[in-house]
*Asks:* 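One structure coming up, written as structure tokens, with questions to follow.
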Amino acid sequence: MRPGCRDAQGCAVMNYPDAGVPFTRISEHRHFAPWEDPPGTLLLREYAQGCGPGDPPFYPLRLTGDQRRLDRYLTRARAARGVSFLGRLGTYRYLDMDVSIAEALQAGAAVAASLRQGQPPAAFPGGGGT
Ligand SMILES: Cc1cc2nc3c(=O)[nH]c(=O)nc-3n(C[C@H](O)[C@H](O)[C@H](O)COP(=O)(O)OP(=O)(O)OC[C@H]3O[C@@H](n4cnc5c(N)ncnc54)[C@H](O)[C@@H]3O)c2cc1C
């Protein structure tokens, strides 16, 4: 936090791909909502690390064992009539924000259309399931 500072890096996200820099990017959140003009600025540095025991598993890896478990999960999900699975968690895929939102909108329209026809919604109405 830098009280009094109105702009530390001039943009929302600056990437640092150099091997000698320990963090991968710096986000300065005030640039995401410039109309709010807070009286200081907040810089967030992100450091890459492997996922260890007790860490939240943020990224789907799809290693061989993961893929086998996913296949079992997809089979059960497709058989569960009237339940829909969405998003990163529900489809076990890496999704960027824009794709998540697009798929949520697509799923909303698809679920509504199914219900209008008296049909249960699809298991994966936004995408995924493969
Ligand atoms: C470190 C990191 C950096 C990222 N950077 C970017 C970026 O720069 N640009 C970009 O476009 N995207 C980025 N993303 C991806 C972006 O965050 C996702 O695309 C988006 O958040 C996915 O939305 P979602 O709703 O599918 O999943 P999430 O946002 O993960 O929502 C899933 C929700 O389910 C809840 N939940 C989990 N388990 C349960 C349970 N058992 N019961 C009930 N609720 C539960 C969780 O608490 C969470 O609120 C980043 C992700 C990470 C982790």
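Index from 1, following the sequence. Quick note: numbers below take in every heavy atom, side chains included, and nothing from hydrogens, waters or symmetry partners. We count ligands from 1, going down the list as the structure has it; atoms in each ligand are counted the same way.
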*Asks:* Cation over ring, Arg69 on Tyr92, under 6.0 Å and within 45°?
*Replies:* no
*Asks:* Protein heavy atom under 4.0 angstrom of atom 43 (C) of ligand 1, is there one?
*Replies:*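 Given the 4.0 Å cut-off, atom 43 (C) of ligand 1 does not count as touching protein heavy atoms.
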*Asks:* Within a distance under 4.0 Å of any heavy atom of Tyr59, pick out the atoms of ligand 1 and give their elements.
*Replies:*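 Ligand 1 atoms under the 4.0 Å threshold to Tyr59: 1 (C), 2 (C), 3 (C), 52 (C).
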*Asks:* Any side-chain to backbone donor/acceptor pair from Gln67 onto Arg62? Under 3.5 Å, distance only.
*Replies:* no
*Asks:* Could you tell me whether the side chain of His31 reaches within less than 4.5 Å of the side chain of Val13, counting heavy atoms only?
*Replies:*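 Answer no - side chains too far apart.
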*Asks:* Nearest protein heavy atom to atom 24 (P) of ligand 1, by residue and atom, and its distance?
*Replies:* Arg88 N, 4.2 Å
*Asks:* Distance below 4.0 Å between atom 29 (O) of ligand 1 and any protein heavy atom?
*Replies:*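 Under 4.0 Å from atom 29 (O) of ligand 1, zero protein heavy atoms found.
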*Asks:* Please state which protein non-hydrogen atom is closest to atom 17 (O) of ligand 1 and give its distance, to 0.1 Å?
*Replies:*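 Of the protein heavy atoms, Met97 SD, 4.1 Å lies nearest.
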*Asks:* Among protein heavy atoms, which lies nearest atom 14 (N) of ligand 1, and at what distance?
*Replies:*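 Scanning the protein heavy atoms, the shortest distance from atom 14 (N) of ligand 1 goes to Tyr94 OH, 3.4 Å.
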*Asks:* Mind listing the closest non-hydrogen atom pair of Asn15 and Arg25 along with its distance?
*Replies:*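 Between these two residues, the closest heavy atoms are OD1-CB, 3.5 Å.
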*Asks:* Quick check: does Arg25 get an N/O under 3.5 Å from an N/O on ligand 1?
*Replies:*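 N/O-N/O distance below 3.5 Å exists for this pair.
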*Asks:* Within 4.0 Å of atom 11 (O) of ligand 1 (strictly less), any protein heavy atom?
*Replies:* yes
*Asks:* Mark up the atoms of ligand 1 that fall under 4.0 Å of a heavy atom belonging to Leu95, in ascending order.
*Replies:*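 So the atoms of ligand 1 that pass are 15 (C), 18 (C), 19 (O).
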*Asks:* Are side-chain heavy atoms of Thr91 and Phe124 found at a separation under 4.5 Å?
*Replies:*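 Contact flag for Thr91/Phe124 side chains = yes.
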*Asks:* If I compare all heavy atoms of Pro120 with all of Ser114, which pair ends up nearest, and what's the gap?
*Replies:* O-CB, 3.9 Å
*Asks:* Protein heavy-atom contact under 4.0 Å for atom 20 (C) of ligand 1?
*Replies:* yes
*Asks:* For atom 4 (C) of ligand 1, state whether the nearest protein heavy atom is under 4.0 Å away.
*Replies:*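 Under 4.0 Å from atom 4 (C) of ligand 1, at least one protein heavy atom found.
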*Asks:* Check this for me - ligand 1, Asp98, N or O atoms closer than 3.5 angstrom, yes or no?
*Replies:*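 No - when backbone and side-chain N and O of Asp98 are compared with those of ligand 1, no distance drops under 3.5 Å.
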*Asks:* Should one rank Asp96, Leu89, Thr91 by closest heavy-atom distance to atom 45 (C) of ligand 1, which comes out on top?
*Replies:*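 Closest candidate by heavy-atom distance is Leu89.
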*Asks:* Can you confirm whether something in the protein, heavy atoms only, sits under 4.0 Å from atom 26 (O) of ligand 1?
*Replies:* yes
*Asks:* Can you see which heavy atom on Leu86 is nearest to which on Pro125, and at what distance?
*Replies:*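 Scanning both residues completely, I find the closest heavy atoms to be CD2-CG, 4.0 Å.
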*Asks:* Taking side chain as C-beta onward, heavy atoms only, is Arg45 less than 4.5 Å from Thr24?
*Replies:* no
*Asks:* Do you know the tightest heavy-atom contact between Thr75 and Asp71?
*Replies:* OG1-O, 2.9 Å
*Asks:* Looking only at distance, does Gly87 have an N or O less than 3.5 Å from an N or O of ligand 1?
*Replies:* no
*Asks:* Any idea which protein heavy atom is nearest atom 23 (O) of ligand 1, and the distance to it?
*Replies:* Ser100 OG, 3.7 Å
*Asks:* Using every non-hydrogen atom in the two residues, find where Arg78 and Gly129 come nearest and quote the distance to one decimal.
*Replies:*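 Between these two residues, the closest heavy atoms are NH2-O, 2.6 Å.
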*Asks:* Does atom 48 (C) of ligand 1 have a protein non-hydrogen atom under 4.0 Å from it?
*Replies:*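 Under 4.0 Å from atom 48 (C) of ligand 1, zero protein heavy atoms found.
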*Asks:* Quick one: sort the Tyr94 and Tyr59 rings into parallel, tilted or perpendicular, breaks at 30° and 60°.
*Replies:*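 Geometry flag for Tyr59 against Tyr94: parallel rings.
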